[in-house]
A.B. asks: 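Before anything else, here's the structure in question.
In the text below, chain A, chain B and the rest are named by the order of the sequence lines, each starting its count at 1.
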Number of protein chains: 2
Amino acid sequence: MATSPKAIQERSGVGQGSMYHHFAGKSELALAAVRRNAAEVRAEAEAELAAPGTAVDRIAGYLHRQRDVLRGCRVGRLAHDPDIVAIPTLREPLEETFEWLQGRLAEVLSEGQARGELRADLDVEATAATIAAVVQGGYVLSRAANAVEPFNRAIEGVLGLLTAGRRS
Amino acid sequence: MATSPKAIQERSGVGQGSMYHHFAGKSELALAAVRRNAAEVRAEAEAELAAPGTAVDRIAGYLHRQRDVLRGCRVGRLAHDPDIVAIPTLREPLEETFEWLQGRLAEVLSEGQARGELRADLDVEATAATIAAVVQGGYVLSRAANAVEPFNRAIEGVLGLLTAGRRS
DNA sequence: GTCTATAGATGGATAGAC
DNA sequence: GTCTATCCATCTATAGAC
């Protein structure tokens, strides 16, 4: 499992014996790790999306701030683990994180529309899903290529599409 | 490993003992599985991208034909496996597949530009990376949500951006 | 509360019968 | 060439000293 007691917690300082004083076992430990990752990712995204500037500025800020590209998203990574998605309790934080992100992106896009920064006929919900997907997919392409370029190109591409025919 | 001898091959009919007559071990077995997946994914994508129609039609055909969304892309899934990306021999087929896909998408987009179906100032390389990323990221969002809607929304969104201001 | 064993389960790999 | 049986490494979890 991506959140294995051995890999994640033993290497976090303490021995595996003492770990079982704090957590009942593998699944409880995984839940704590998943929740922590979800909260961190959410906080980092919000910091960019709540910044001042136009809608496109804030979304560009969010897209450009991603780092550790080859390591992948701390939440998205977990979505590939069958042992996590199979257990509703462990999958829920992932679902909540991405739902929140898409909703937040949709809000920013709507504000941009209201200010005339973006096309009025833009489907904000679908576009928000696209932006979230580009980030997650960019990680996948970059891991496959063992290089950051695919991630960066994908980001440029979606920003280009978003601002096409409209300089904001 | 995602391509474990037990999970993938023992359940493919034969016992694990006889398996070692055909493959030297875990890594050789994984290589065969990775190459097979890569070839299949590539062939399926080419079938859609080589179809008749406008550039947007063919890309829409490619995007809409994705299925088994909750299971994920047979190639993209492997990019999350540390045991695969760490071994160059196993990672190469992934890199080649996504490089080929992005190149092929870029060709289709260029054709669309030449025919006046797409904006002349579209960055075809970046847009191709974006489209590939949306597919891979759509899988991630859908697995996290345990539902196909996020994948479909992300697809709709990128198609909307591609055709915005231009009915093709 | 944290440590060092250590038990039990699982997965990868080999041996040898057929 | 495929099967069963078995070894070995790894990982989860527990026991008990300190």
Side-chain angles (χ1 to χ4, degrees), chain A residues 1-40 68 70-94 140 143-144 146, chain B residues 1-40 68 70-95 143-144 146:
Chain A
M1 198 188 273
T3 53
S4 64
K6 179 128 190 211
I8 291 192
Q9 294 300 316
E10 192 176 36
R11 293 168 194 173
S12 291
V14 301
Q16 91 263 35
S18 62
M19 191 181 78
Y20 288 86
H21 274 271
H22 304 289
F23 301 99
K26 190 173 162 172
S27 59
E28 198 172 303
L29 178 64
L31 182 58
V34 167
R35 283 187 175 152
R36 183 195 175 96
N37 279 355
E40 284 177 3
D68 246 338
L70 293 181
R71 208 168 156 241
C73 171
R74 275 163 299 172
V75 174
R77 267 183 350 216
L78 305 173
H80 285 74
D81 192 328
D83 293 334
I84 288 193
V85 292
I87 301 170
T89 314
L90 293 178
R91 188 184 55 76
E92 260 167 34
L94 311 189
V140 175
R143 279 180 68 89
N146 197 34
Chain B
M1 198 188 273
T3 54
S4 63
K6 180 127 188 216
I8 290 193
Q9 293 300 317
E10 194 177 32
R11 294 169 194 175
S12 290
V14 301
Q16 93 260 35
S18 62
M19 189 180 80
Y20 288 87
H21 273 272
H22 305 288
F23 301 99
K26 190 173 161 173
S27 59
E28 198 171 303
L29 177 65
L31 183 57
V34 167
R35 282 186 176 151
R36 182 195 175 95
N37 279 355
E40 284 177 3
D68 247 337
L70 294 182
R71 208 169 158 239
C73 171
R74 274 164 300 173
V75 175
R77 263 179 358 211
L78 304 173
H80 284 73
D81 191 328
D83 294 334
I84 288 193
V85 293
I87 301 171
T89 314
L90 293 178
R91 187 183 57 75
E92 261 166 34
L94 311 190
E95 178 169 8
R143 279 179 66 89
N146 195 35

A.B. asks: With rounding to the nearest 0.5 angstrom, report the CD1 to CG distance, B/I84 to B/L31.
C.D. replies: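 Spacing of CD1 (B/I84) from CG (B/L31) equals 9.5 Å.
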A.B. asks: What's the CZ-C1' distance between B/F23 and D/dG1, to the nearest Å?
C.D. replies: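 Between C1' of D/dG1 and CZ of B/F23: 14 Å.
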A.B. asks: Are A/E28 and A/H22 side-chain neighbours, meaning at least one heavy-atom pair lies under 4.5 Å?
C.D. replies: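 Answer no - side chains too far apart.
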A.B. asks: If you compare all heavy atoms of B/R77 against all heavy atoms of B/R71, which two are closest, and at what distance to 0.1 Å?
C.D. replies: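 Scanning both residues, the minimum pair turns out to be CD-O, 3.1 Å.
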A.B. asks: Does C/dG12 have OP1 or OP2 under 4.0 Å away from a side-chain N or O of B/K6?
C.D. replies: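 No.
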A.B. asks: Write out all pairs satisfying salt bridge (Lys or Arg N to Asp or Glu O under 4.0 Å) with one or both partners inside residues 85-94 of chain A, taking only residues at least two apart or from two chains.
C.D. replies: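 Sorted pair list: A/R91-A/E95.
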A.B. asks: Could you check which residues of residues 80-92 of chain A get a heavy atom under 4.0 Å from DNA chain D? Sort them by number, please.
C.D. replies: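 Hits under 4.0 Å, by residue number: none.
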A.B. asks: Give the minimum heavy-atom separation between B/A38 and B/P93, together with the two atoms involved.
C.D. replies: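 Heavy atoms only, the tightest pair is CB-O, 4.1 Å.
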A.B. asks: Using a 4.0 Å cut-off on protein heavy atoms (strictly under), produce a 5'-to-3' string for nucleotides 13-18 of chain D with B for base contact, S for backbone-only sugar-phosphate contact, and - for none.
C.D. replies: BB----
A.B. asks: Looking at every non-hydrogen atom in both residues, tell me the closest pair between B/V75 and B/L94 and how far apart they are.
C.D. replies: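 Scanning both residues completely, I find the closest heavy atoms to be CG1-CD2, 3.7 Å.
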A.B. asks: Taking NE2 from B/H22 and C1' from D/dC3, how many angstroms apart are they, rounded to a whole number?
C.D. replies: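 It is 12 Å, rounded to the nearest whole Å.
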A.B. asks: Side chains of A/N146 and B/V85: does their closest heavy-atom pair fall under 4.5 Å?
C.D. replies: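 Not in contact.
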A.B. asks: Within this structure, what is the CE-to-P distance between B/M19 and C/dA15, rounded to whole angstrom?
C.D. replies: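 So the CE-P distance, B/M19 to C/dA15, works out to 15 Å.
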A.B. asks: Atom CZ of residue position B/R74 - does it have more than 12 heavy atoms of other residues, nucleotides or ligands inside 6.0 Å?
C.D. replies: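 Correct, the count exceeds 12.
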